[in-house]
Amino acid sequence: MTNSCKVAVGQLQIGNFVRLPIAWKDHPFIFNSFKIKQQTQIELIKNLGIEFVYVRPERSDTQPLSSLEAKQQKPQIIDSNLEQITGELNQQKTKSIDEQQSLRRHLQKTEKHFIRNVAMMRNLTSKLRNRPLEAVNEAKELIHGVCNQLLTDDKLVLHLMADAKSDEGIYYHSLNVAVLSMLIAKELGWNRKEIELVGMGALFHDIGKLKVPTQLLRKTTPFTHSEQIYFNQHPAMGAEIIKLADNFPQEALPIILNHHEYLDGSGTPKGLLEKDLDKLSQLVCAINTYDNLCHSDRSKKARTPYSALGYLYKNYQSQLNQQVINRLVKMLGVYPPGSVVELSSGQFAMVMSVNLSKILLPRVLVYDPSVPKEQAPIVDLASEGLTIVRCLPLAALPEKVLKYLNPREKISYFFGAEK
């Protein structure tokens with residue numbers, strides 16, 4: 001990767017990608033790094049009283065002027081209202097800071113709600129063997145609460161949540177599959193009863209893994225043939241556990257049994273065909289497959305959500321319900337939360353939230369090395385007038401950007417109402 005070079009402000013041109021060598025609070029721009037789009041920006045930089053900036057040639061549309069060209073350049077007509085423009089930019093910056101803080105608070109509130117639901121999931125799972133009826137009643141309450149919010153909030157925002165702790169992956173995964181499945185069921189126009197049934201089945205879909213030896217679940221190398229056959233029985237084991245609770249809705253039981261069954265008969269454990277699979281099972285199987293693609297296991301590395309969606313769309317045409325996949329692609333947007341992107345400003349960012357009514361303009365966490373990463377700006381692309389140029393594979397990111405943005409190893413989503 002090309003390094004930035006020190007350039008005198010008199011050598012700047014429109015199209016240069018610059019980094020200002022002063023504190024963020026000491027200039028009127030939203031970011032310390034940006035691509036110069038108009039002459040006024042150059043004049044404002046000159047007005048800061050600095051002699052040089054850093055230019056990134058590989059992210060610039062044009063190269064800076066040579067010192068000779070700079071000397072020969074005709075004087076630019078300086079806008080007499082520079083002071084007024086600076087004042088307006090400072091006002092915009094203050095407004096942007098307020099919005100960022102509000103977005104951050106909104107994200108933290110959603111994250112607390114999500115963590116509380118994970119804790120409920122952990123508790124009810126531990127109760128399942130000794131107090132199954134109580135566990136199922138608690139699960140019904142959890143799912144009912146999620147459904148209430150889904151059906152009463154018009155403007156839902158899907159947020160990226162913090163990484164799961166290594167020993168809590170099953171709870172995060174189960175809750176994630178439940179939330180996404182319920183969202184899709186709502187998007188497909190299903191009624192409340194169906195949405196709650198799909199939530200209950202999805203919440204308990206992997207409960208059979210409680211009967212699988214821990215050393216097998218934690219194995220980092222591919223399963224042997226016999227281990228794979230044993231592992232493939234976890235849906236049936238899950239159904240056995242859940243049958244201890246006669247208050248578990250029977251219509252949701254096939255979800256637990258069939259969440260690895262594909263429409264073409266290539267799934268496990270029974271190799272059922274589409275005609276044998278109800279619509280609830282087909283939906284959860286599709287969402288479970290997507291979520292598994294976003295997580296690493298013995299045989300593969302985790303994909304970014306963007307890559308996982310593309311892979312699902314291309315490679316599971318005959319195995320998964322395409323109505324569900326199409327709706328998932330439409331709901332998560334072209335840039336699902338967790339995707340790493342390049343902005344029209346030339347900066348790197350990670351998608352944090354998608355407003356389900358404005359999927360092309362998500363909220364993003366922007367890489368800005370002049371700000372500590374815990375204070376990294378979270379901006380609403382719609383209000384900042386920025387767009388996404390492209391999604392990036394993690395391998396394309398410089399190490400320091402990767403460390404700063406810290407893309408999630410385990411993708412979890414939860415939703416909140418538009419603030």
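The model shown is predicted, which means the values in this text are computed figures rather than measured ones. Heavy atoms only: backbone and side chains are in, while hydrogens, waters and symmetry mates are out.
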Atom NE2 of H159 and atom CG of L103: how far apart are they, to the nearest 0.5 Å?
-> 8.5 Å
Hey, can you tell me if Y367 and F348 have their rings parallel, tilted or perpendicular (30° and 60° cut-offs)?
-> tilted
Pair S33, Q347: side-chain N/O donor-acceptor within cut-off below 3.5 Å | no
Side-chain donor/acceptor of S60 to backbone N/O of Q63, under 3.5 Å = no
Test item: Q11 side-chain N/O and L65 main-chain N/O as donor-acceptor pair under 3.5 Å | yes
Above 12 or not: heavy atoms from other molecules or residues under 6.0 Å from CD of E51?
-> no
Take atom OH of Y306 as the centre, draw a 6.0 Å sphere, and report whether it contains more than 12 heavy atoms from other residues, nucleotides or ligands.
-> no
Is it the case that R303 and N292 place a side-chain donor and acceptor less than 3.5 Å from each other?
-> no
Residue among I195, L142, T152 satisfying side-chain contact (heavy atoms from CB on, under 4.5 Å) with C147 = I195
Decide if atom OH of Y313 counts as having more than 12 heavy atoms of other residues, nucleotides or ligands within a radius under 6.0 Å.
-> no
Would K219 and E227 count as a salt bridge (Lys or Arg N to Asp or Glu O under 4.0 Å) if you check the C-alpha gap in whole Å, the side-chain angles of each, and the deciding distance to 0.1 Å?
-> CA-CA 11 Å; K219 195 176 176 194; E227 284 172 340; 2.6 Å; yes
Using 30° and 60° as the class limits, which term best fits the ring planes of F231 and F223: parallel, tilted or perpendicular?
-> tilted
Using only heavy-atom distances, determine whether the side chains of H205 and H260 contain a donor-acceptor pair under 3.5 Å.
-> no
Given side chains that start at C-beta, do those of C285 and Q319 come closer than 4.5 Å, heavy atoms only?
-> no
Are the side chain of N90 and the backbone N or O of T86 linked by a donor-acceptor pair below 3.5 Å?
-> yes
Are any side-chain N or O atoms of N16 and backbone N or O atoms of T62, one a donor and one an acceptor, separated by less than 3.5 Å?
-> yes
For the residue pair H113 and F414, does the interplanar ring angle fall in the parallel (under 30°), tilted (30 to 60°) or perpendicular (over 60°) class?
-> perpendicular
Taking the side chain from N315 and the backbone from Y311, do they hold a donor-acceptor pair closer than 3.5 Å?
-> yes
Say you draw a straight line from CD1 of I170 to NZ of K209; how long is it, rounded to the nearest 0.5 Å?
-> 6.0 Å
Please state whether the rings of F29 and H27 are parallel, tilted or perpendicular, taking 30° and 60° as the class boundaries.
-> tilted
Does the N258 side chain pair with the main chain of Q282, one donor and one acceptor, at a distance under 3.5 Å?
-> no
In terms of side-chain geometry, is the basic nitrogen of E187 or K330 positioned less than 4.0 Å from the acidic oxygen of its partner?
-> no
Distance-only polar pair, side chains of Q228 and N232, donor-acceptor under 3.5 Å | yes
Flag, side chain of T110 to backbone of H106, donor-acceptor distance under 3.5 Å | yes
Do K193 and E251 meet the salt-bridge criterion of a basic N to acidic O distance under 4.0 Å?
-> yes
Counting N and O atoms only, with roles assigned by atom type, does the side chain of K270 sit under 3.5 Å from a partner on the main chain of E261, one being a donor and the other an acceptor?
-> no
Hey, does the side chain of N321 reach the backbone of Q323 with a donor-acceptor pair shorter than 3.5 angstrom?
-> yes
